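Keep in mind that this is a model prediction, so the values were computed, not measured.
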Amino acid sequence: MKAAEPLLSVSGLEVTFRSRRETIEAVRDVSFTLAAGRCLALVGESGSGKSVTARSLLGLSGGAVRAGSLALAGTELSDLDERGWRKVRGRRIALVAQDALTALDPLRTVGAEVGETVRVHGLVPRARLADRVHTALRDAGIPDPGSRITQYPHQLSGGLRQRALLAAALGAEPELLVADEPTTALDVTVQHRVLDLLRRRKAAGTAILLISHDLAVVAGIADEIAVLREGRLVEHGPADRVLRTPAHPCTRALLAAVPRLPARPAPATAPPAAPVVLSVDHVALRFGSRLAVDDVSFRLHEAEVVGLVGESGSGKTTLARIAQGLADPDRGQVTLAGHPWSLVPERERRPLRSRIQAVHQDPAGSFDPRHPVGAILDEAIRASARRENRRERATELLELVGLPATLLRRRPSTLSGGQRQRVAIARALATRPDVLVCDEPVSALDVSIQAQVLELLAKLRRELGLAMLFISHDLGVVGEISDRVLVMKDGRVVESGPAAELFTEPRHEYTRELLAAVPQLPAPSTG
Amino acid sequence: SPTGEEATPVSGGTLTVALATQPGCMDSQVSQQGVTNTINRNVLDSLVSQDGSGGYHPWLAASWDISPDLTRYTFHLRHDVTFTDGTAFDAEAVKTNFARIVAPATRSQFAAGLLGPYAGTDVVDRYTVAVRFTKPFAPFLAAAATPNLGFYSPKALAERGGELCGGGPAAVGTGPFTFTSFGKGQGAVLTRNPAYRWAPATAAHPGPAYLDEIDFRFLPEESVRVGTLTSGQVDVALAVPPSNIATLRDTPSVRILQRDVPGSGYNLYLNTAIAPLDDQRVRNAVQRATDLDADVRTVFFGQYNRAWSPLSPSTVGYDKAAEHSWPFDPGMADHLLDSAGWTGRDGAGYRTRNGVRLTIDWPALPADYTTNGNATLAQAVQADLKQVGIELTRTPYDIGTYLRKIHAGQLAAADAGWSATDPDLLRLFFNSADDPAHGGQNVTRFDDPELDAWTSAAAATLDPARRSDLYRKVQARVLELGLVVPLYTPSTVVGTGSRVQGIGFDAAAQPAFFDAWVAG
Amino acid sequence: MNAVARAAKAVAGGIGVVWGAATLAFFALHLVPGDTADILMGTQALTSPQVHRRITAELGLDEPLWSQYLRFLGHLMHGDLGRSYQLRQPVWTLLGQNAWPTVSLGLAALVLALVVGTASAIATAGRRPAWRAAASAWELTAVSTPSFWLGILLLTVFSFRLHWFPVAGRNGITALVLPAGTLGLPLAGTIAQVVRESLETTLHQPFMTTARARGLGGMALRLRHALRHGASSLLTLTGLLFGSIVGGAVLVENVFGRPGLGSLTVSAVTNKDMPVVTGLVLVSATAFVLVSGVVALLQPRVDPRLRQRVSA
Amino acid sequence: MIRRYVLAAALLLPATLIVAVPDLLYHRSPTAVDLADALRPPSGAHWFGTDQLGRDVLARVLHGAAPSWSLGLGATVFALAGGILLGLLAALAGRVADHLLLRATDLLLSLPPLLLALLAVTVLGTGRTNVMLAVAIAFIPVYARMVRSEVLAVRRSGYVEAAVGLGVPRVVLALRHVVPNTLGPLSVLGTIGFGSAILYGSGLSFLGLGARPPAPEWGAMLSEGRSFLASAWWVGVFPGLAITVSVLAVTVLGRQFRVHLTGRENR
Ligand SMILES: Nc1ncnc2c1ncn2[C@@H]1O[C@H](COP(=O)(O)OP(=O)(O)OP(=O)(O)O)[C@@H](O)[C@H]1O
Ligand SMILES: Nc1ncnc2c1ncn2[C@@H]1O[C@H](COP(=O)(O)OP(=O)(O)OP(=O)(O)O)[C@@H](O)[C@H]1O
Ligand SMILES: [Mg+2]
Ligand SMILES: [Mg+2]
């Protein structure tokens, strides 16, 4: 470890949110330092205060901040007024916000958003701005950046948006990069490239505060790891040490829950003769000149889990929407439990809706901002066929996804990313569906919760015969839960087969690439 | 120096005049609007000129003879008059104009009525012209003095007759000014006619007008009109609102000129065909219960006089004896109503008879067709009548409904104020031949042989004494019968800036600009 | 759909609206009570029933309604609006004389309203409650003050007392300031309220945090990000703005003694002056169609999400 | 949240009382003419002065509250309801219906509002209720458009998609998610519309289609009072203030309502 002068030093940071009903102490007495060219990873369970800590480094926590000291290379940040902060933000400290899907202004082009930091701080002459944006997008791993510059956020897939955010943050070459889950929506190959980029930046002297629940990612880049729990730092030390010999039980629990790629074929769990619940035949959908889904077919049997992996922007979400009957394919058709499901009037779909439910890739956007969690769940419970005590059921659903019943009265905007995602899962389960379409259902969850949720899904499938289309870029997760896996690239399914087989003996070039890019955790030394 | 009338007039300058209403059609032979006349009086000349006391003087006609039966008026025209387009003014011009007025295609709204029982015009020689009527028609000279029977150049009529409603250069007259431009809402600009040499005897000076130009602007909003006057943005403001008159009189930079308008004054006519007004006692009670002295003084800030007769005092034939003949007497009103059987009282304090409330509806005209003052006065009358237990309601109608109802004789009461210089007006209001169903104005719908006889006889004589006598009887009788409640005598109130001199009034109390001049 | 087809469809739709408006006006006017000839004669006419009948016949008012309508459509298709019943002038002349004053007044008022309204909204959106309350107070006062009051007030202060601006007349641009203010300020109030609401919603969006994290602050944040979102709701308001301008012009023209379509409208409608009303409706509908066309073009520029068809 | 509503209600209570029982605190007749006391400035005897017929301006303002509020509120509520219904239909019904409704609102918007209101009064007849409806009809297309475009925006949102995914029926979807989320922006217009409706109504009475004198009504009092702006300001200024204060009150309520709808705290 170099004994460098710390670039950032935080001591005694406290953040509280006060509303009329309750006071939430999101961050309590957090202290750490970070030197230039080093990376500190903040890990911890969902809702432990990671994002709030990150935001308070830019003076954007939204709550009441008290800090003994918050210094950046000698500048005392906690004394800054709004003007002072403005000079720091973007230029000296850049932020990649957690929710990539809503962090870009929907009315401005990607180019304008990415170039903004550079322009605001007048870092390059106007004439060279376009070049700079182009370079930044390419560095962030966006293929064909030229064509993306003039597009708008809603035209990008989740992964592309996340990379655009990263490009925007790195464009101004800040001294400190605060990256809040910068790779959640990325497939492993792109993730690999992004981590490379971060490593290069680090080598060039940028300090990085990385927040991630993906410990493998953390292992690949962090010099130090700090573990947060209920707003407190419970463990802090060199990455290697923390990963190999975790001191705090909380850290140990996190590590234990990390899913790993199967080493040998597991027996198929779905009975092969089970009836088909969802059948997708030769569907295709085009956006303008881009063929988002191109002649895709698959069948989903009762109690079967089909994993869907693939490059970001390859059409996974679009396919999920088609399967869910929210978008009609240009060609091909979908059948749900023997009923025609695509290209039929909504009236005919409605009675069947409760049988197929989804966890959206963008849970924040899928909640009516006016409704508290209770109302959100209630609506779904009412849509289920059964009569039951709705309040009890709501509490039960929250319990199922590991959330306290106190959340029922909170509005989605005050929840942490993981809390939101779990609410989304709870809602999808409320109608007791036969088919669940999960679009990155666990990407925002810390590993222990993730394990818990995966266990829950597995149980539902075992006990109720729930079938699932499971989209994730996390091959470990997919491998753990799926019977069969489809690999998508550029709108087509390039390979499919039983999970174990596919991961051990990939045939397609791209699948091999994917597998090679999976980050690995160092082996724990406890064993 | 602003010392007033002694100063010698100077030529030149522009007079800016703020008018209160936007004229619709600018063709005097078509339109019935006063504002059209205010402007056109400066452009169009008439055969004769009337003075303030009812006398007639030569103008375009140097002299005239009237047949004893009053059916043929022969005018001997001046020989030296030309229109501003160079056309000579002659008997043909008179004939062409009168023929145009009565032509159906012209759709004259007013002038055709002024020609009364018109039969035709004969060109006797180039400068002698005779106008014939099918019946004796005494009011013709008064009509002939109005701008509505003024003359447009026959050449202009032939070429651009269709454009006259739009005003502007198409309107070619013989008057002291030419019509330079007109735009609806924009105003009108008149320019001096340097060749003018035929001013009437009623004018203060011969020869052309003093002003180079008159610039009329339309400012309907009362306070804006007053504001432009006091701030010197206009030289003259017409229709100064009564609430401002007193203040303006005390303003050194402003002078107020006031003249009572001749004609019918502003009256309330009661429909004798509709209960409860079919009972003369109720009608008389309405007259007696109205405290007009106080009402008019308050509503018009002491600037207008209450009326006693359906003719205004400055009209020929006004009967002074009508004054104080029906004073405010609520006791008498109560007595009349009691005797008419309206003895009950309901919860709101109104009288009833057989359980029916004593209600009279005086429909309210849309604001465009009335004034704030008149609307307020009606509320004062409403309060007066309530004191004796009469409920006066004011149903608001749009103009279409109002007219339909008035033509069908369905309105219990209707207010009107007409300006005219001839008392023949009384015939229109009270002769049974003039009932509204036949296009007349007799909204009282009272059929009285005596009134019919007197008004018809007065229209057939020019003998002033006989006419006065007949009209005196008419006035007394309509008041006695309670056909009308005369309300007040409107006056023309003109505010001028201190540099303005010589503004006068014509016989109809319209401001006249021929003699006006501006100092400095 | 290609551009030509889309344009053709838009034009056809526009023509449809204009035709519909003219038809509506035609039948509406026939429903307005009262007899056209009576109203033309006014309250003080000396008409005889014969004159009345002649006028009725001459205007073709004695024909059955459908034949009047067909004749009306026929003339309309030839661009022949006829002559005003009341003013006797060709309707085109009247429109020609009065259109520009109203258009210039409307445009000036609109520009003023947009500038003042958005400025007030931007300056106070998401700021301290006291500021917001102060801005809101003036806006709502402006909105709830009748234009004749506002006009008289402005005139009293700026024209009669201070002599800065003339009431009216041929003095060019200076004569436009006060009328435009009178018409524009209530509009500005409305705009400010709507834009502020939209700005405040936007300021709470997650992407605003990102933008702030880039070092954007105060004004830049509002101008560059929030305003676009406000502009989108402003565009939706065009219908209202259009109506307020057309409606407000009546009173403003009256107070300031200005020429224009406003005063023409009142007299034409109340006098059942069919040809003029038709002409006005045509002008108004055409203007509206043009304005909505421009809005329809602008809307997707402002909000790119509108550029694609909405599926499901 | 609840507490704020209680507060707002507490504030509105006096206003409601005034509307319901105008002479609760101030016992003067709004129509009693006293010519000897005309145009008196505000004093102990007449708190808001007297008008040109010596009537008490305060009494007239108080008694004018009921008709003015019913015009303002009634027209706004009607217009909002009509606008929401049309806008929802346009946005949620099929393409053809949308097209037709859009054209219909275009049509109404393209007519001079005066003509529209006049037509409405003509067809419905005069009278207070009909004037209210006429004003409402003139406002409906504006609200309908606003609703439609808001609905289109809301309909694209993730939460509507989520509700569709739950099989929530269209009507419920509209009522539970779409309408409440469009009401926010609409409530701004609504509160403004309250004031404009009163003024609009006074414009109609100008054409002989409005309130009957001597019944006090703010819009009518306002236009009566303008002749005295220089000499007796109180005649017109107080009813004007009454309108403004009402609009402000309604706006405060509207804002509170919006906060409730959007779940956003009022900072
Ligand atoms: N604006 C807010 N108002 C109230 N509570 C908040 C607000 N923002 C965050 N919180 C609460 O603060 C706590 C910490 O939130 P934070 O977003 O930092 O969690 P996190 O560690 O980033 O979790 P995740 O991994 O799920 O994103 C959570 O309990 C959250 O509900
Ligand atoms: N509404 C749209 N308009 C235009 N293009 C779109 C639209 N929605 C998606 N696309 C494009 O379709 C392609 C597939 O997008 P999709 O969201 O299905 O990707 P994905 O596989 O879910 O990616 P990720 O893993 O990054 O979420 C992308 O190139 C995207 O830019
Ligand atoms: Mg977080
Ligand atoms: Mg996706």
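The shortest distance between side-chain heavy atoms of C:Leu187 and C:Leu241 falls below 4.5 Å. Contact check for C:Thr202 versus C:Arg228: no side-chain heavy atoms found under the 4.5 Å cut-off. Considering only heavy atoms from C-beta on, C:Val91 stays 4.5 Å or farther from C:Thr278 through its side chain.
When ring centroids are compared, D:Phe238 and D:Trp233 come within the 6.0 Å threshold.
With a 4.5 angstrom heavy-atom cutoff, D:Val160 does not touch chain C via any of its atoms. With a 4.5 angstrom heavy-atom cutoff, D:Leu189 touches chain C only via side-chain atoms. The part of D:Leu108 that comes within reach of chain C is its side chain, from C-beta onward, which places non-hydrogen atoms under 4.5 angstrom from that chain. For C:Val18, no part sits under 4.5 Å from any heavy atom of chain D, backbone or side chain.
With hydrogens and angles disregarded, a donor-acceptor distance shorter than 3.5 Å links the side chain of D:Ser110 to the backbone of D:Leu107. In this structure, D:Thr244 contributes its side chain and C:Thr141 its backbone to no donor-acceptor pair below 3.5 Å.
Most heavy-atom pairs under 4.5 Å with chain D: of the set C:Ser136, C:Ala285, C:Ser292, C:Pro186, this distinction falls to C:Ala285. Contacts with chain D were tallied for C:Val143, C:Val246, C:Val289; C:Val143 has the most, counting heavy-atom pairs under 4.5 Å. Of the listed residues (D:Ala138, D:Gly236, D:Ser246), the greatest number of heavy-atom pairs within a distance under 4.5 Å of chain C belongs to D:Gly236. Of the residues considered (C:Ile152, C:Val291, C:Leu140, C:Val277), C:Leu140 shows the highest number of contacts with chain D, using heavy-atom pairs under 4.5 Å.
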